[in-house]
Undergrad: 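Dumping the structure here so I can ask a few things about it.
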Amino acid sequence: MDSFHLKELISQKGIEERLLSLANEINEFFKNESFIAIGVLKGALFFMADLLRMIENCEAYDFIQAKSYLGIETSGKIEILKEPNISIKDKNVLVIEDILDTGITANAIKNYLIERGAKNVYFCTFLDKPSRRVNFIKPDFCGYTIDNYFVVGYGLDYNEKFREKRGIYILEFDVTKL
Ligand code: IMP
Ligand code: MG
């Protein structure tokens, strides 16, 4: 028996509308410069696919995968599971993320990209949970700032489940069944 249920936080329609304005912000910012988009697997899958089809001046894209999470708690340690194959040397890089939580993953990715010669590293995150941050990482572009909920859907998972849901849902634990 499941000991949690899902409560809608952001609807599919809300996401579609927000993406239009977010893509405009990114297009305005990069109107005179090109960039490489690096998506953070697996959570950024749907966000990146939707966003990339609305933005201009992206010369190439690739993926990175870093692992930091076990269940809903961070281990604090980062392992790069998949490295991008294209060169980012002297390029503007836009990292596309599902969520900025503690910021540990984003910070590790930023260091990794700078070590490999990126000219500038920018972050575009679909969701931001600033109340959980343990460092000074801030997104340059952000879909929504949310309170400290554990959320799933639109790429975000709970133990690999619910990524395919089209909206964002709060995972609410039912304490009477735990
Ligand atoms: P950070 O290193 O703490 O910023 O965590 C980044 C990663 O943790 C994200 O890319 C997600 O995979 C995962 N994560 C953090 N918060 C949530 C959440 O509310 N739902 C699902 N995954 C989350
Ligand atoms: Mg995850």
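The model shown is predicted, which means the values in this text are computed figures rather than measured ones. Numbering of ligands and ligand atoms starts at 1, following listing order.
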Undergrad: Check this for me, if you would: do K91 and E59 make a salt bridge, where the nitrogen-to-carboxylate-oxygen distance has to be below 4.0 angstrom?
TA: yes
Undergrad: For ligand 1, which part of V152 has a heavy atom less than 4.0 Å away: the side chain, the backbone, both, or neither?
TA: neither
Undergrad: Would you list the pairs meeting side-chain hydrogen bond (donor to acceptor under 3.5 Å, both in side chains) in which at least one residue belongs to residues 7-18, sequence neighbours left out?
TA: Q12-E16, K13-E17, R18-S21, R18-E25
Undergrad: Could you tell me which atoms of ligand 1, counted from 1 in the order shown, lie closer than 4.0 angstrom to a heavy atom of G103?
TA: 1 (P), 3 (O), 4 (O)
Undergrad: Considering only heavy atoms of D157, which atoms of ligand 1 have at least one such atom less than 4.0 Å away?
TA: 21 (C), 22 (N)
Undergrad: When you check the gap from the basic side-chain N to the acidic O, do D62 and K82 get nearer than 4.0 Å?
TA: yes
Undergrad: With heavy atoms only and a cut-off of under 4.0 Å, state how Y149 meets ligand 1: side chain, backbone, both or neither.
TA: backbone
Undergrad: Strictly by ring-ring contact (aromatic ring centres under 6.0 Å, His included), give each pair with a member in residues 37-64 just once, sequence neighbours left out.
TA: F47-F126
Undergrad: Quick check: does V151 get an N/O under 3.5 Å from an N/O on ligand 1?
TA: yes
Undergrad: With heavy atoms under 4.0 Å as the rule, classify the contact between T102 and ligand 1 as side chain, backbone, both or neither.
TA: both
Undergrad: Please compare F126, F150, F162, Y158 and report which has the shortest non-hydrogen distance to atom 17 (C) of ligand 1.
TA: F150
Undergrad: So, Y154 versus D50: side-chain donor-acceptor pair below 3.5 Å or not?
TA: yes
Undergrad: In ligand 1, which numbered atoms sit nearer than 4.0 Å to a non-hydrogen atom of D101?
TA: 1 (P), 3 (O), 4 (O), 5 (O), 15 (C), 16 (N)
Undergrad: Counting only heavy atoms closer than 4.0 Å, does ligand 1 sit against the backbone of K129, its side chain, both, or neither?
TA: side chain
Undergrad: Please say whether E97 places an N or O atom under 3.5 Å from an N or O atom belonging to ligand 1.
TA: no
Undergrad: Which heavy atom of A23 sits nearest a heavy atom of M54, and at what distance?
TA: CB-CB, 3.6 Å
Undergrad: Please check whether A106 reaches ligand 1 - meaning an N/O of the residue sits under 3.5 Å from an N/O of the ligand, judged on distance alone.
TA: no
Undergrad: Between R133 and D101, is there a salt bridge with N-O shorter than 4.0 Å?
TA: no
Undergrad: May I ask you to list the atoms of ligand 1 that are less than 4.0 angstrom from any heavy atom of I104?
TA: 2 (O), 4 (O)
